[in-house]
Amino acid sequence: MRFPTTLSQLRAAVVLALCALVLLGIAYPLAGTGVSQLLFPFQANGSLTSHGSTLVGQSWKGPKWFHGRADSDNPLMANGAAGESGASNLGPRSRQLVAETRSVVRQLESLGIHPTADLATSSGSGIDPDITPGDALAQVPMVAGATGIAPGRLRHLIQQLTIGPELGFLGPSYVDVLQLNVALSKLR
Amino acid sequence: MAFTLTLLALAAVLALAWRYLGAYMVAIYRGQVHWLGPLERPVYRLLGVDPKSEQSWKGYAVSLVLFSGVSLLLTYGILRLQGQLPLNPQHLPGVPAALSWNTAVSFLTNTNWQNYGGETTMSYLSQMAALTVQQFVSAAVGIAVAIALIRGLGRRGSSTIGNFWVDTVRGTLYLLLPIAFLAGIVFVAQGAVQTLAGPALIHDTLNGVTQLIPRGPVGFMEAIKQLGTNGGGFFNANSADPLENPTQLTNFLSIALMLCIPVALTYVFGKMVGSTRQGLALLATMAVIFASWTAFTTYAEAQPNPAVAAAGVSSQPQGNMEGKEVRFGPLNTALFGVASTQTSTGSADASYDSFTPLGGLGLLTGMMLGEVTPGGDGSGLYTLLLFALIAVFIGGLMIGRTPEYLGKKIQAREVKLASLGVLVMPITVLALAGMATALPVGRAGAFNSGPHGFTEILYALTSQGNNNGSAFAGLNGNTTFYNVIGGIDMLLGRFGVMLPVLALAGALAAKQTVPVSLGTFRTDNVTFVVLLLGVILIVGGLTFFPAISLGPLVEQFTHGRFFG
């Protein structure tokens, strides 16, 4: 490899890196943003409703609401920044995981909810917006007792709002907790 | 039943990709596709490159190393300076030096190991101009090296193996860019965010909760993250985050995107060496391991989590839900994990750290086998071809003939280069994992106690050494120690394999072929597939068995014990 050849290759390397920066780092995401804002503005902006994003779990307290996964909340941090998404990352033989799950189980039982596996565990994102229909049904006695709405109507509501499996076979069925609670608030 | 349909649908999609995406890729790398000519030709003029000229393997390697070096500096620079650059609505400061080094190497080498929390560390400009760019070009470079090796096997008496600049530009423009753009639209339509506006502040009057929803240009990064077998997501929670991977459909699409190019490359290989059966033998080898690991890992994750059971949850009907998302469930999550660790993707739609011991073992060993089933974009095929050369060498020893592959005599130089390419990863990984376990500064990074803590360290160095990027994310890798050794691990795992592969491509291209005779050891039948499987499993198994027996196996067999 002669030196002038290497020099011309170095020049090509710099130019290609800059071309990639402009085309793939600027034009591609901007074109994508333009198309998204034009075709799917609701989704592209975070699926925001007046009660929050349907894709971000919230913390529901007390017996009048359906609750989500144990950790599902994305609260405002003290410094005004958004919290970081993420999981507990505790291993299957972690004493800490046993203790933390036990305290969630006690909380659920004190509200009169049978602790199902999804309600007692934390999610992968820390903001899981969904529960299974079974998790929602486990909360029907509590919500019915606190709101006076007949359990049959609540079960019907859960059935109506059950999503999936997509295409009939992809993944389990689930219920978006925010949608469920918004619908619940309209029943009152 | 539903999950069986999911597997069948995936097999059908990949079969189509193998045949049609494969044929399209053959046309791309033979220079027969021109529909983006008005964009392509000016690039060559700017580069000062004649697209018709070809390079020797040394020329190809020098261009590759120079381009990688420039990319590394540019990425590092953008990360360090993001505080002074535009598109930074959260006013995030520059990324610290050690973390910038690790991240720049990580995206350059197609690893996408993330020692940073995406939404709280990287400005929109860094995500776009530093990280997304590398997600494209690192994949294009990987495929280019695979194509160069295929040319080496397919040509006779040739002193050149193609042109690095042309292969990289064509792979980016004709293959990655159009597919990523279409997939990006699907991600956004399903709910992935794609905006340059900053985070959204929302107050819910129903329960009095105030939230700050992080946003950014996510959906289109997600598309190339999976297609380019990269894995580095916009958010810390990666593909578990509903704003990044919102539905079951996007989860399935992610799996298909990760696998489609590596699978299609076996078709490209077959066509370009003149025998589709040769490519099918490699595909069958990949499929056997991928299917076995999928069965093993999904079974493991369908089991209850022992800690959750011990906490008083009486039934876990779906299996282990700790660290998993309800919309995916354990089975689809395990399938995603296998796809992600047997390509070089490393994206995660759950916490792999919270997988059952055997589920975690399934992911870890998928990487330890060298990521060849089907492996990363390009890297999967060229690493598998190294194993294939070792397999014919062993076959040749057994029957006492000079080994041949595709009519090329495999001699001392080729066997040395193939061995080097296969051994550099295990040596690097085990040496660094041993060092990290021996040093207090390494042990301090472990988050979980007992054998699981050791697995976190082993997983981290295996993942980086294989350019995977997935993690047992409890490990605190954002320390100077892990940032520095991780960077070395990733560089050796990338260039320690690529450069021997290019040398091999040069050596093979120069050879003449010998005619097929009755005594020729065939490499397109079941016998060869079994031999190749044996080589992959024995090399990986013998190398890593002592290490995995100290981690996941101990954890599995200490029934009823909890640590910490």
Side-chain angles (χ1 to χ4, degrees), chain A residues 1 9-10 12-17 19-21 24-25 29 32-33 36 40 43-47 51-53 55-56 58 60 74 76 82 84-87 89 91-98 101-102 105 115 117-118 120-121 123-125 128-132 166 169-172 174 185, chain B residues 2 5 46-47 63 66-67 70-71 74 117 120 128-129 133 136-137 184 188-189 191 193-194 199 202 204 209-215 217 220 235-237 240-242 248-249 305-308 310-313 316 321-323 325-327 329 332 350-351 353 356 448 452 473-474 562 564:
Chain A
M1 186 100 308
Q9 296 295 299
L10 181 61
V14 172
V15 174
L16 184 58
C19 287
L21 179 78
L24 308 169
T33 307
S36 305
F40 309 105
Q43 292 94 316
N45 289 316
S47 304
H51 292 295
S53 169
L55 292 176
V56 179
Q58 299 184 9
W60 299 89
N74 194 39
L76 199 62
E84 200 170 82
S85 55
N89 285 321
R93 297 206 180 270
S94 152
R95 215 166 264 161
Q96 194 186 338
L97 181 57
V98 178
T101 312
R102 196 169 276 151
V105 166
D118 319 302
T121 53
S123 67
S125 61
D128 191 347
D130 307 314
I131 53 177
T132 62
E166 254 168 282
F169 63 90
L170 280 178
Y174 58 92
S185 74
Chain B
L5 278 175
L46 282 173
L47 294 184
S63 301
L66 287 173
F67 179 61
V70 171
S71 297
L74 192 61
T120 53
M128 290 160 48
V133 171
F136 276 101
V137 295
V188 174
V193 293
Q194 181 72 35
I202 297 261
D204 186 357
V209 163
T210 300
Q211 294 184 309
L212 197 62
I213 311 285
R215 300 190 295 182
F220 281 74
F235 297 112
N236 187 51
D241 200 305
Q248 296 157 343
L249 195 69
N305 183 312
V308 174
V313 176
Q316 301 181 44
M321 279 301 292
E322 175 63 29
E325 298 283 294
V326 163
R327 65 192 180 285
N332 287 284
S351 164
D353 217 341
T356 61
N448 281 273
H452 200 82
F562 292 94

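Just so it is clear, the structure is predicted and the values come from calculations on it, not from any experiment. Computed over heavy atoms, backbone and side chain alike; hydrogens, waters and symmetry mates excluded. Proteins get letters first, then strands, A, B, ... in listed order; numbering begins at 1 in each.
With A:Asn89 contributing its side chain and B:Asn448 its backbone, the two residues share no donor-acceptor pair below 3.5 Å. Counting only distance, with no hydrogens or angles, the side chain of A:Arg102 and the backbone of B:Ala310 share a donor-acceptor pair below 3.5 Å. Checking side-chain atoms of A:Gln9 against main-chain N and O of B:Ser63 turns up no donor-acceptor pair under 3.5 Å.
In terms of non-hydrogen atom pairs under 4.5 Å with chain B, the most contact-rich of A:Gly25, A:Pro92, A:Ala117, A:Pro29 is A:Pro92. Of the residues considered (A:Thr132, A:Thr101, A:Thr121, A:Leu10), A:Thr121 shows the highest number of contacts with chain B, using heavy-atom pairs under 4.5 Å. Across B:Pro217, B:Ala129, B:Ser71, the residue that shares the most heavy-atom pairs under 4.5 angstrom with chain A is B:Ala129. Of the residues considered (A:Cys19, A:Ser53, A:Ser94), A:Ser94 shows the highest number of contacts with chain B, using heavy-atom pairs under 4.5 Å. Between chain B and the residues A:Val15, A:Leu16, A:Leu21, the most heavy-atom pairs under 4.5 angstrom are made by A:Leu16. Interface summary for chain A: among B:Met128, B:Met321, B:Gln194, the most heavy-atom pairs under 4.5 angstrom belong to B:Gln194. Your options are B:Val326, B:Asp353, B:Val308, and the one with the most heavy-atom pairs under 4.5 Å with chain A is B:Val326. With respect to chain A, the highest number of heavy-atom pairs below 4.5 Å among B:Gly474, B:Gly564, B:Gly323, B:Ser351 belongs to B:Gly323. When each of B:Val193, B:Val313, B:Leu249, B:Asp204 is scored by its heavy-atom pairs under 4.5 Å with chain A, the top score falls to B:Asp204. Counting heavy-atom pairs closer than 4.5 Å to chain A, the top residue among B:Gly329, B:Pro306, B:Gly184 is B:Pro306.
Separating the CD atom in B:Gln211 from the CD atom in A:Gln58 is a distance of 4.5 Å, to the nearest 0.5 Å. Rounded to the nearest 0.5 angstrom, A:Asp118 CG and B:Gln316 CD are separated by 9.5 Å.
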**Item:** Candidate pair B:Leu74 and A:Val14, rule side chain to side chain contact (heavy atoms under 4.5 Å, CB included), full reasoning
**Value:** CA-CA 9 Å; B:Leu74 192 61; A:Val14 172; over 6 Å; no
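Only the backbone of A:Ile131 comes within less than 4.5 Å of a heavy atom of chain B; no side-chain atom from C-beta onward does. The part of A:Ser185 that comes within reach of chain B is its side chain, from C-beta onward, which places non-hydrogen atoms under 4.5 angstrom from that chain. For B:Leu5, the parts sitting under 4.5 Å from any heavy atom of chain A are the backbone and the side chain alike. Heavy atoms closer than 4.5 Å to chain B are found in the side chain of A:Val105, but not in its backbone. For B:Leu66, the parts sitting under 4.5 Å from any heavy atom of chain A are the backbone and the side chain alike. In this structure, chain B has a heavy atom under 4.5 Å from the side chain of A:Ala120, while its backbone stays farther away.
Here the side chains of B:Asp241 and A:Leu55 are not in contact, with every heavy-atom distance at 4.5 Å or above. Residues A:Asn45 and B:Arg215 meet the side-chain proximity criterion, which asks for heavy atoms closer than 4.5 Å. The shortest distance between side-chain heavy atoms of B:Asn305 and A:Leu97 falls below 4.5 Å. A 4.5 Å side-chain heavy-atom check between A:Ser125 and B:Glu325 finds at least one atom pair inside the cut-off. Residues A:Tyr174 and B:Gln248 form a side-chain contact, since some pair of their non-hydrogen atoms from C-beta on lies under 4.5 Å apart.
Closest approach of A:Gly124 and B:Ala237 over heavy atoms only: O-CB, 4.0 Å. Taking both residues in full, the closest heavy atoms of B:Ala189 and A:Phe40 are given as CB-CZ, 3.5 Å, listed atom of the first, atom of the second, then distance. Between B:Leu47 and A:Ala12 the shortest heavy-atom distance is CD2-O, 3.2 Å. The two residues A:Ala17 and B:Val70 have their closest heavy-atom pair at CB-CG1, 3.7 Å. Nearest heavy-atom pair, B:Val188 versus A:Gln43, reported as atom, atom and distance to 0.1 Å: O-CB, 3.1 Å. Residues B:Ala311 and A:Val98 approach most closely at CB-O, 3.5 Å, considering heavy atoms.
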